[in-house]
Amino acid sequence: MTTSAAVPPADRPAIPAAGATAGPPAGPAPDRGTVDLTVVVPAYNEEQRLGPTLRAVRDHFRALPGTDWELIVVDDGSADGTAAVAEAAAREEPRVRLLRTPENRGKGHAVRTGVLASRGRRVLVTDADLATPIEEFGALSERLDAGAAAAVGSRALPDSRIAVRQHAVRELLGRLGAGLIRAAAVPGIRDTQCGFKLFDGDKVRAAFADSRLDGWSFDVEILRFFHQRDWEVAEVPVRWAHQPGSKVRPLAYPRVLADVVRLRWRAAGPAALAVPALYLLLALFLYSGLLTGPGHRYLADSGSDQTQWEWFFAVTADNVAHLRNPLFSDLQNFPLGVNLMANTVMLGLSVPLAPVTLAFGAHVTWAVVLIGGTAATAFSWYWLLARRFVRSRWAAALGGGLCGFAPPMVSHGTAHPNFAVLFMMPLIVDRALRLCEGRRTRRDGVVLGLFLAYQVFLGEEALLLAVTGMALFALFYAIAAPDVARAVARPLLRGLGVAALVAVPLVIVPVGWQFLGPQSYHSVLHGQVGNHPMALLEFATRSLAGDEKVAASLSLNRTEENGFFGWPLVAVAVAVCVHLRDQPRVRALGLTALAAAVLSLGQNIPLPGTDKTLPGPWRLLAQLPFYESVIESRVAMVCAPVLGILVALACDRLVLRRPRSEREASRRVLGCAALVVAVLPLLPTPYPVIERAPAPAFVADGTWRQYVRPGRSLVPVPVPSPSDTAALGWQMDADLGFPFPGGYFNGPWGPDRTGIYGPEPRATSELLRQVAETGKQPAVDARVRRDFQRDLDFWRADALVLPHHPHAQELRETVTALVGKAPVRAGDTWVWDVRGTG
């Protein structure tokens, strides 16, 4: 314990005499002879309760041999006879002093006045109602004797004894408030508001000299001061009884929480405020094209995905608004529908953001999720790095930025928010690390279970990849530090068991719906899509140093550039692993990145410069449950946070370690230059946008209502598919008023229910697709018409519509031949009314 923060006696102001008026104290009291103990009692309109309290305190300490004490009563602008009661006590006992404030300023101000006027080596603060008996002082004093800097009475510990409880509502509010305070400001203290606390005198005077809060939340500010300086605060179970006449009103609870927010804001340093702002500005820069008009702007690289995601947000909000099942919709693929849980609609965001979608439209929700989620992901990694890995906030900021804006994240950020919005992953990692500490295994396991359950509703494949990366790290760390691994194994496994018991009941129904419900499937056919080895060393399309043609030759498409970290960053990461190889965590990180990179190469690893391949280790996972649906190149995303952590460690060492010689100074300059060369080429460039095509007037002006009956469908020509999603936009413009067959989603195909993109092909949809792609009009005979009529009946079709299309004439003539009658022109759309043809 250190007392370096204590103010020297010479700096203390004069102590007012009994009955004097006390203004705002400027600092601790002068040393007019120290005493063993000062008892501070704040009082506001306590005429009825103060007298017995002062007598009890006086009698208790008179009976303690060898204790030199003083008792300070601070009258906080009372309007009754409180001051007279204190003056009478002072006349009977000279060690009692009265300080008065000219007006009521709040309990915090009163306690500050008393503490800063105190002379005790220890200071006891107790309420005027003495809800905690003064006899409990001994239990607190023992904890200071054992080395604690403060001992706080607690009503929340198992051994606490509550003689008279508060009203149930007040008690519930107190528990909720205590939980929020503990999480936000004072970790580890269950009860910050019990009015019976004993402090080291010099330390508490330093704390109050720095304090600013005058209200009920002053306890939080003082305890946070102790916490930030790593001064031990012991929580001690005490006897407590609710006393009538409490001054705490219901509005005090939200005021305390507001003060906690003020404390956090005040405590935040420049980095803590600047870093999230920088991340948000970078996200806004990336998506600046959307900001000028999200309703008519479209991310050029997203293909069909932006429309699909906007539809997901829109249909989820509609389900929420109408209290329908959020796991299913038949607006696409009518009448079979779409299993939304099996389509990663990010219910963890689409449901809470439903009011935004309903009020402003799905296009605004799309922009909010991408911009806010990207910035939040980077900040979450920054928080983890600052908490667990580095001391320099700016090193953490650099590493967090790399984690959140790494090339794979930027690639997915144009079309796959379930892979770009990963703010839960650092929280999951941190909670797993807490389990390894073995302090609160049950509580941390519960929280981890809640986190895992929530991530299931954000993205299961991303969670699977994260768990894979964590498992790889655990394996390599166990090899690097087996003694540590054995020590943490038991609490970790116990906590993971608790997490499973919490998470499984929360997700079992939706996950069961996903795999067993309507339109569920077992795996997705995507072929073997591994990274090319050179993709790990080149630059992505949207990186500052990226080459569009090179990236295109090494990736599936622009939304799947899952490597592309650039050779300078890879070289720096290798150098960091070599230089810091004495640290087991660094060795484990390096091996984790290497293993993930090799797994991402897929089942057959191409040899650069040849047409030959080598068998890849992904073959060991390719047929396992869940892994069979993973696009293997995505495993390289595990490398992004690993590289971010390694860069943060390197930056932290360069920033904090002062060079002792010119040679070390030169190495420091070279190290900084290497980090710049590694990171600068990866800076992302803004996503290009295009104007989205407007919906046909037939849809936009509501003409469709004249043709489509409730429970029946509108059939766009050609039938919507993953490559043609315009109809999803029409549907959203029509307020989801009509369903249609086909669409863009994942669904089952064949007797094995294998997952495919889009609907299971039907004769008519395939016929119209071929005409749309080739412009060749097929022969329409009786068999084709029978298939067409069968499909109309299956789709429950009321109308077929053909808007502008490059092959509109061929499509119009083909559909006319199928229907057997000419269409009518409705604005800019050809319409075939097929009601009654079944």
Side-chain angles (χ1 to χ4, degrees), residues 15-25 29 38-62 69-118 123-134 153 163-167 170 173-174 193-197 208 211 213-219 240-256 259:
I15 303 175
T21 297
T38 298
V39 181
V40 175
V41 180
Y44 173 63
N45 290 342
E46 295 287 358
E47 179 181 4
Q48 300 300 321
R49 300 192 297 184
L50 183 60
T53 293
L54 297 182
R55 286 192 294 272
V57 173
R58 179 195 62 191
D59 294 343
H60 179 79
F61 289 110
R62 277 180 176 176
W69 58 273
E70 65 175 351
L71 193 159
I72 299 176
V73 180
V74 183
D75 179 10
D76 188 27
S78 299
D80 63 359
T82 297
V85 173
E87 288 172 345
R91 286 192 293 271
E92 296 178 9
E93 171 57 69
R95 286 175 288 191
V96 175
R97 293 190 289 131
L98 170 65
L99 304 180
R100 303 183 67 179
T101 60
E103 59 183 9
N104 179 243
R105 295 281 300 275
K107 183 178 180 181
H109 182 270
V111 175
R112 183 187 305 114
T113 300
V115 169
L116 294 181
S118 68
V123 175
L124 175 69
V125 177
T126 184
D127 289 340
D129 60 5
L130 215 59
T132 300
I134 193 63
V164 180
R165 292 190 173 276
Q166 306 176 79
H167 188 278
R170 187 188 294 271
L173 290 173
Q193 303 306 109
C194 178
F196 197 75
K197 298 179 176 68
F208 273 100
S211 67
L213 298 182
D214 290 339
W216 298 103
S217 50
F218 77 95
D219 305 83
W240 187 87
H242 174 66
Q243 303 295 319
S246 172
K247 303 297 188 298
V248 182
R249 299 293 179 258
L251 286 178
Y253 295 100
R255 288 172 183 166
V256 169
D259 283 340

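A donor-acceptor contact shorter than 3.5 Å is absent between the side chain of Asp127 and the backbone of Asp129. Checking side-chain atoms of Thr101 against main-chain N and O of Asp75 turns up a donor-acceptor pair under 3.5 Å. With Arg49 contributing its side chain and Leu130 its backbone, the two residues share no donor-acceptor pair below 3.5 Å. Using modelled atom types, one side-chain atom of Asp80 and one backbone atom of Glu47 make a donor-acceptor pair closer than 3.5 Å.
Counting heavy atoms from C-beta on, the side chains of Phe196 and Ile134 come closer than 4.5 Å. You'll find the side chain of His109 stays beyond 4.5 Å of the side chain of Glu103, heavy atoms only.
Partner of Leu71 under the side chain to side chain contact (heavy atoms under 4.5 Å, CB included) criterion, out of Val40, Leu124, Val96: Val96 alone. Each of Glu70, Glu92, Glu93 was checked for a salt bridge (charged side-chain N to carboxylate O under 4.0 Å, His left out) with Arg58, and the lone residue meeting it is Glu92. Checking Val111, Val123, Thr113 one by one against Phe208, the side chain to side chain contact (heavy atoms under 4.5 Å, CB included) holds for a single residue, Val111. Asp76 pairs in a side-chain hydrogen bond (donor to acceptor under 3.5 Å, both in side chains) with only one of the listed residues (Asn104, Asn45, Thr82), which is Asn104. Each of Val73, Thr53, Leu50, Leu98 was evaluated against Val85; a single residue qualifies, Leu50, per the side chain to side chain contact (heavy atoms under 4.5 Å, CB included) test. The side chain to side chain contact (heavy atoms under 4.5 Å, CB included) test with Thr38 singles out one residue from Val115, Val125, Ile72, and that residue is Ile72.
Here the CG atom belonging to Asp59 is positioned 8.5 Å from the CZ atom belonging to Arg55, to the nearest 0.5 angstrom.
Nearest approach of Ser78 to Ala43, heavy atoms of both residues: OG-O, 3.6 Å. Shortest non-hydrogen contact noted between Gly153 and Cys194 is O-CB, 3.2 Å. Contact record, Arg112 with Ser211: NE-OG, 2.9 Å, taken as the closest heavy-atom pair.
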